[in-house]
Asker: 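Dropping a structure here in structure tokens format, bear with me for questions.
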Amino acid sequence: MAVQGSQRRLLGSLNSTPTAIPQLGLAANQTGARCLEVSIPDGLFLSLGLVSLVENMLVVATIAKNRNLHSPMYCFICCLALSDLLVSGSNVLETAVILLLEAGALVARAAVLQQVDNVIDVITCSSMLSSLCFLGAIAVDRYISIFYALRYHSIVTLPRARRAIAAIWVASVLFSTLFIAYCDHTAVLLCLVVFFLAVLVLMAVLYVHMLARACQHAQGIARLHKRQRPVHQGFGLKGAVTLTILLGIFFLCWGPFFLHLTLIVLCPEHPTCGCIFKNFNLFLALIICNAIIDPLIYAFHSQELRRTLKEVLTCSW
């Protein structure tokens, strides 16, 4: 795995184009621009990856163990955990290989390393795409469970959920392979950016609509108890805070990575954009942090899952 400067190579030449790197450095030197580069130590990067790896493995094992959790909703949560697991695992593996190569403990031909790197890049990219898809699928599932509660079990059946999951995995692997093969094409980068924005808008619209319905429901209950304003405002504020945290974490963790892609298209040779490119490792670390946070938001709030998790941790299979 080739490393350019302090940047680890991921997703082919994603973090920089071969022609842009020297031009960026030259422009920065000529203009005297100062770049703020946040250094991510390899030890910290590995630690975050391992924490995410263990955490998401526990989620997958817990859901697999308890048959009561074999519902469409938990299938999507399990697949999200599996996607996050692969994101973290592939980055941990790539970082470990880079460190071994730099230490001289691992020797391999350039052609072999290139093939290994391509495989890791495909796994990383496909797991990132599937992670975004399953975040959207969870939002859709929750939306249907609220607005079509009486028909939910006939709409979201286990066979349909399995077909949707299979389609997401197949599409993610297919498109990630095409992306790695054509990562130097502007259209490919734009498609990824548009996909991220589509998922963000989908989640925002669905969750805001769900919050509005919940507030209306709370207002109706308050009217029955003649306590309209205190209950309604308190519930609405709590829901707004929860929604802001959920979407804020999603945007904070994924946004910089896709901003990076956008700038590669818009200003690959501009010194200011070059300063942002230098923080590519930080953007990857934020995605891994999101993989750590996802189980806390989507999985561990369930009492049934927490109870089963205790059994898994005590090895009571």
Side-chain angles (χ1 to χ4, degrees), residues 56 59 63 69 71-84 87 127-169 171-172 175 191-221 232-259 286-287 289-291 293-302 305:
N56 285 286
V59 173
I63 295 176
L69 300 178
S71 63
M73 178 184 69
Y74 283 104
C75 285
F76 291 133
I77 292 176
C78 181
C79 289
L80 174 63
L82 182 58
S83 298
D84 289 340
V87 170
S127 56
M128 289 171 64
L129 290 177
S130 61
S131 181
L132 289 172
C133 288
F134 287 121
L135 285 171
I138 291 172
V140 172
D141 177 81
R142 291 183 173 181
Y143 183 86
I144 296 174
S145 68
I146 291 176
F147 285 89
Y148 303 93
L150 298 179
R151 298 169 51 200
Y152 172 78
H153 293 290
S154 61
I155 296 175
V156 186
T157 62
L158 198 55
R160 286 178 179 174
R162 288 171 178 169
R163 287 195 293 268
I165 289 170
I168 288 174
W169 281 114
S172 297
F175 286 115
C191 286
L192 283 176
V193 174
V194 170
F195 172 71
F196 165 73
L197 292 176
V199 174
L200 177 62
V201 171
L202 174 68
M203 292 177 61
V205 170
L206 293 183
Y207 282 121
V208 168
H209 198 187
M210 283 186 275
L211 175 61
R213 171 59 67 88
C215 289
Q216 291 176 357
H217 182 68
Q219 185 178 16
I221 295 177
H232 176 243
Q233 291 179 352
F235 181 86
L237 179 60
K238 181 180 178 181
V241 170
T242 302
L243 179 61
T244 302
I245 292 175
L246 189 151
L247 294 177
I249 289 175
F250 174 81
F251 185 78
L252 177 64
C253 292
W254 286 96
F257 177 80
F258 285 93
L259 173 63
L286 287 174
I287 291 178
C289 288
N290 184 79
I293 297 172
D294 278 345
L296 303 178
I297 296 176
Y298 297 100
F300 294 143
H301 70 280
S302 168
L305 192 145

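These figures come from a predicted structure and were not determined experimentally. All residue numbers in this chain count up from 1 along the given sequence.
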Asker: Any chance you could measure Phe175, atom CZ, to Cys191, atom SG, to the nearest 0.5 Å?
Answerer: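 Nearest 0.5 Å value for the CZ-SG distance: 8.5 Å.
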Asker: Heavy atoms only: give me the nearest Ala139-Met210 pair and the separation to one decimal.
Answerer: O-CE, 3.9 Å
Asker: Could you give the distance from OH (Tyr143) to OH (Tyr148), rounded to the nearest 0.5 Å?
Answerer: 5.5 Å
Asker: Do the ring planes of Phe147 and His209 sit parallel (below 30°), tilted (30 to 60°) or perpendicular (above 60°)?
Answerer: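 Aromatic pair Phe147/His209 classed tilted.
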Asker: Is any side-chain heavy atom of Met73 less than 4.5 Å from a side-chain heavy atom of Val156?
Answerer: no
Asker: Any side-chain heavy-atom pair from Phe250 and Leu132 closer than 4.5 angstrom?
Answerer: yes
Asker: Decide yes or no for Trp169 and Ser83: does some side-chain heavy atom of the first lie under 4.5 Å from some side-chain heavy atom of the second?
Answerer: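 Side chain of Trp169 against side chain of Ser83, heavy atoms only: contact under 4.5 Å found.
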Asker: Roughly how far apart are Ile77 CD1 and Ile297 CD1, rounded to 0.5 Å?
Answerer: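 So the CD1 of Ile77 and the CD1 of Ile297 are separated by 11.5 Å.
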Asker: For the atom pair CG (Leu135) and SG (Cys79), what is the distance rounded to the nearest 0.5 Å?
Answerer: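 Separation between the atoms: 12.0 Å.
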Asker: How far does CG of Leu252 sit from CD1 of Ile293, to the nearest 0.5 angstrom?
Answerer: 8.0 Å
Asker: Give a yes or no answer on whether the side chain of Ser131 reaches the backbone of Ser127 with a donor-acceptor pair at less than 3.5 Å.
Answerer: no
Asker: Taking Asn290 for the side chain and Trp254 for the main chain, is one N or O donor matched with an acceptor at less than 3.5 Å?
Answerer: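 No, the answer is negative, given that no donor and acceptor are paired below the 3.5 Å cut-off.
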Asker: Identify, with sequence neighbours excluded, every residue that meets side chain to side chain contact (heavy atoms under 4.5 Å, CB included) alongside Val140.
Answerer: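 By the side chain to side chain contact (heavy atoms under 4.5 Å, CB included) rule, Val140 matches Ile144, Leu202, Leu206.
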Asker: Taking all non-hydrogen atoms of both residues into account, name the closest pair between Ile287 and Cys253 and its distance.
Answerer: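 Smallest interatomic distance, heavy atoms only, reads CG1-O, 3.6 Å.
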Asker: Tell me, do Arg142 and Tyr298 make a side-chain contact under 4.5 Å, heavy atoms counted?
Answerer: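 Of all side-chain heavy-atom pairs linking Tyr298 with Arg142, at least one is under 4.5 Å.
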Asker: Is there a side chain to side chain contact (heavy atoms under 4.5 Å, CB included) between Asn56 and Leu80? Walk through the geometry before answering.
Answerer: CA-CA 9 Å; Asn56 285 286; Leu80 174 63; over 6 Å; no
Asker: Counting only heavy atoms from other residues, nucleotides and ligands, does the tally under 6.0 Å from CZ of Phe300 exceed 12?
Answerer: yes
Asker: Tell me, do Phe134 and Ile168 make a side-chain contact under 4.5 Å, heavy atoms counted?
Answerer: yes
Asker: How far does CD1 of Ile249 sit from CG of Asp294, to the nearest 0.5 angstrom?
Answerer: 9.0 Å
Asker: Please name all residues satisfying side chain to side chain donor-acceptor pair (under 3.5 Å) with Tyr152, sequence neighbours left out, ordered by chain then number.
Answerer: Asp141
Asker: Using the side-chain hydrogen bond (donor to acceptor under 3.5 Å, both in side chains) rule, collect all pairs that involve residues 157-167, keeping only residues at least two apart or in two chains.
Answerer: none
